[in-house]
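The structure appears right after this line, and notes come after that.
Worth saying up front: this structure is predicted, and the values here are computed from it rather than measured. Proteins come first, then strands; the chains are lettered A, B, ... in the order of their sequence lines, and each starts at number 1.
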Number of protein chains: 2
Amino acid sequence: MGYMNTATDPAGRHRWLTDEEQRVWRAYLHATYLLEDHLDRQLQRDAGMPHIYYGLLVGLAEAPRRRLRMTELAMKAKITRSRLSHAIARLEKNGWVRREDCPSDKRGQFAVLTDEGAEVLRRTAPGHVAAVRQALFERLTPEQQKTLGEIMEIVAEGLQPNEAGADLPWLR
Amino acid sequence: MGYMNTATDPAGRHRWLTDEEQRVWRAYLHATYLLEDHLDRQLQRDAGMPHIYYGLLVGLAEAPRRRLRMTELAMKAKITRSRLSHAIARLEKNGWVRREDCPSDKRGQFAVLTDEGAEVLRRTAPGHVAAVRQALFERLTPEQQKTLGEIMEIVAEGLQPNEAGADLPWLR
DNA sequence: GGCATCTCCTTGAAACTTGAACAAGTCGGG
DNA sequence: CCCGACTTGTTCAAGTTTCAAGGAGATGCC
């Protein structure tokens with residue numbers, strides 16, 4: 001009992017994970033926890049925000065006029081609109097982001113990266129990239145990197161809610 | 001600017017990620033977000049608790065007398081003691097876990113899995129395992145599974161705070 | 001136009017996490 | 001025995017996330 005067991009498929013009963021699968025799964029959980037935790041702390045310390053907020057600024061920085069509609073940004077970051085509202089409120093309070101009304105749709109709002117926000121990014125991006133590089137890429141062979149990419153694309157594809165037709169509430 | 005750029009190492013300046021590294025990194029972020037989200041919802045729906053709380057019950061179920069000292073459990077789950085205190089309080093309210101004083105150390109507390117807790121696990125584990133299997137293992141070749149395990153072990157090892165000597169504050 | 005319906009985003013409350021601070025207990029000298 | 005240093009686990013406050021609900025504007029159809 002517990003997470004899973006060693007047995008495979010005893011004629012109709014539950015299929016647990018094999019020992020090997022279990023090893024892989026636990027390694028996955030362990031590593032992804034540690035990495036997320038590591039990056040969250042790194043960014044909290046150096047940029048004063050959690051990883052996902054940083055990702056929002058990056059999303060804006062990459063957008064045409066440093067701006068994106070709330071829903072677009074939520075989709076890009078794969079979070080709910082609600083969560084984004086709260087997050088942007090916080091970033092706005094920090095002065096990294098500003099809200100602007102959408103002229104063509106009065107319901108709409110743009111989240112706009114401010115100069116200050118861009119500056120924070122400029123200042124903290126190198127450290128963040130270094131952290132990612134050091135925690136991940138420097139430790140893997142090119143082979144492993146390639147396989148990791150393939151695996152992650154497969155997994156993401158399998159979980160992708162939308163799939164040409166099944167429009168998703170970006171989310172939930 | 002932003003997350004990273006395509007340039008490599010222009011004589012002393014910041015090393016960004018190559019295009020390929022960037023692809024891998026974004027795929028990683030995307031997939032791990034989706035998977036964690038997926039499992040969290042699956043467990044919230046079927047077991048009424050988030051993934052990490054489920055992991056705590058599993059940890060207890062695997063322990064000798066279904067019990068573990070708070071600090072041990074925190075280590076096993078790789079979370080802070082503070083977070084564990086809150087979590088156990090909640091699980092206790094649900095009746096899945098009970099606290100017991102440690103006889104040998106009056107500061108100590110055991111978290112003990114109750115029969116109810118064990119029952120919840122028994123009832124929900126198959127669904128959870130199925131979710132993991134379906135989202136991950138069924139989509140990967142044996143080769144990929146093997147490589148994934150290797151990669152995750154490497155990454156975890158690199159982030160492991162302790163390393164024979166550097167005792168860690170379980171955590172932080 | 002009138003009206004049902006959908007979309008955009010926000011809000012509020014509850015749940016969860018974090019970090020610092022803390023009471024209580026243990027431990028190892030002196 | 002006593003005291004300083006450390007450990008154990010909790011608590012508080014602040015921050016974040018979730019979920020359900022809702023206001024306001026757009027849309028389409030009659």
Side-chain angles (χ1 to χ4, degrees), chain A residues 33 36-45 47-56 67-94 97 99-112 167-172, chain B residues 33 36-45 47-56 67-75 77-94 97-112 167-172:
Chain A
Y33 274 11
E36 178 57 16
D37 194 66
H38 181 67
L39 295 181
D40 247 356
R41 283 171 201 294
Q42 184 266 317
L43 282 172
Q44 190 68 55
R45 176 166 48 75
M49 63 189 136
H51 192 187
I52 200 152
Y53 286 30
Y54 180 87
L56 295 177
R67 74 193 53 211
L68 239 31
R69 287 286 295 269
M70 293 295 278
T71 296
E72 291 179 284
L73 184 51
M75 281 190 282
K76 190 158 180 165
K78 291 173 281 293
I79 62 178
T80 60
R81 293 211 224 65
S82 171
R83 187 176 176 182
L84 181 62
S85 267
H86 291 297
I88 292 295
R90 195 270 221 188
L91 292 173
E92 200 169 21
K93 204 174 299 181
N94 281 279
V97 169
R99 279 186 229 243
E100 266 183 35
D101 292 343
C102 174
S104 60
D105 185 338
K106 285 179 189 160
R107 297 167 303 180
Q109 288 276 101
F110 281 104
V112 186
D167 215 309
L168 248 285
W170 356 238
L171 243 144
R172 204 131 1 259
Chain B
Y33 274 11
E36 178 56 17
D37 193 66
H38 181 65
L39 295 181
D40 248 355
R41 283 173 200 292
Q42 184 266 318
L43 282 172
Q44 192 66 57
R45 176 167 48 76
M49 62 188 137
H51 192 186
I52 199 149
Y53 285 32
Y54 180 87
L56 295 177
R67 74 193 52 211
L68 240 30
R69 286 286 295 270
M70 294 296 278
T71 296
E72 291 179 282
L73 184 51
M75 282 191 282
K78 290 175 282 292
I79 62 179
T80 61
R81 293 210 227 52
S82 171
R83 188 176 177 182
L84 181 63
S85 267
H86 292 297
I88 293 296
R90 195 271 219 186
L91 292 173
E92 200 168 22
K93 204 175 299 179
N94 282 278
V97 169
R98 161 171 40 91
R99 278 187 229 244
E100 266 183 35
D101 291 343
C102 173
S104 60
D105 186 337
K106 284 178 189 163
R107 296 167 304 178
Q109 289 274 99
F110 281 104
V112 186
D167 214 309
L168 249 285
W170 322 134
L171 233 152
R172 207 125 16 251

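- Checking D:dG25, D:dG9, C:dC9 against every side-chain atom of A:R81, the shortest atom distance belongs to C:dC9.
- When the P atom of D:dG15 is taken as reference, atom CG of A:N94 falls 10 Å away, rounded to whole Å.
- Using a 4.0 Å cut-off, some side-chain N or O of A:R41 falls inside it from OP1 or OP2 of C:dG19.
- Between B:L73 atom CG and D:dT8 atom C1' the separation is 14 Å, expressed in whole Å.
- A salt bridge is defined here as a Lys NZ or Arg NE, NH1 or NH2 lying under 4.0 Å from an Asp or Glu carboxylate O, and B:R90 with B:E92 fails to meet this definition.
- Not one side-chain nitrogen or oxygen of A:R99 sits closer than 4.0 Å to the OP1 or OP2 atom of C:dC9.
- Counting to the nearest Å, the P atom of C:dC9 and the CD1 atom of A:I88 are 11 Å from each other.
- Nearest nucleotide to the B:K106 side chain, out of C:dT26, C:dT11, D:dT10: C:dT26.
- Here the P atom of nucleotide D:dT10 and the CG atom of B:L91 are 13 Å apart, to the nearest Å.
- For the side chain to side chain contact (heavy atoms under 4.5 Å, CB included) test with B:V97, the passing option among B:L73, B:V112, B:I88 is B:I88; the others fail.
- Side-chain atoms of A:D40 come within 3.5 Å of backbone atoms of A:H51 as a donor-acceptor pair (strictly under, hydrogens ignored).
- For the pair B:D37 CG and D:dT18 C1', the interatomic distance rounds to 11 Å; values are reported in whole Å.
- With hydrogens and angles disregarded, no donor-acceptor distance shorter than 3.5 Å links the side chain of A:D101 to the backbone of A:P103.
- The distance between atom CG of A:D101 and atom P of D:dG25, rounded to the nearest whole Å, is 11 Å.
- Comparing atom distances between the B:Q109 side chain and each of D:dT10, C:dG25, D:dG25 picks out D:dT10 as nearest.
- What separates CD1 of A:I79 from P of D:dT17 is a distance of 8 Å, to the nearest Å.
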Inset, instruction - Output, in order, the C-alpha distance, side-chain angles, deciding distance and verdict of side-chain contact (heavy atoms from CB on, under 4.5 Å) for A:F110 and A:R69. - result: CA-CA 4 Å; A:F110 281 104; A:R69 287 286 295 269; 3.7 Å; yes
Detail all sub-3.5 Å separations between protein N/O atoms and N/O atoms belonging to nucleotides 12-16 of chain C.
unit_1	atom_1	unit_2	atom_2	d
C:dG12	O6	A:H86	NE2	2.7
C:dC16	OP1	B:R90	NE	3.3
C:dC16	OP1	B:R90	NH2	3.0
C:dC16	OP2	B:R90	NE	3.3

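- Side-chain nitrogen and oxygen atoms of B:R107 include none within less than 4.0 Å of the OP1 or OP2 phosphate oxygen of C:dA23.
- A residue-by-residue look at A:D40 and A:L84 shows that A:L84 has its nearest nucleotide of DNA chain C further toward the 5' end.
- In this structure, the CG atom of B:L43 is 15 Å from the P atom of D:dT18, given to the nearest Å.
- A search for side-chain contact (heavy atoms from CB on, under 4.5 Å) contacts involving A:A87 returns A:Y53, A:L56, not counting sequence neighbours.
- Remark: A:E72 pairs with no residue by the side-chain hydrogen bond (donor to acceptor under 3.5 Å, both in side chains) rule, at least two apart or across chains.
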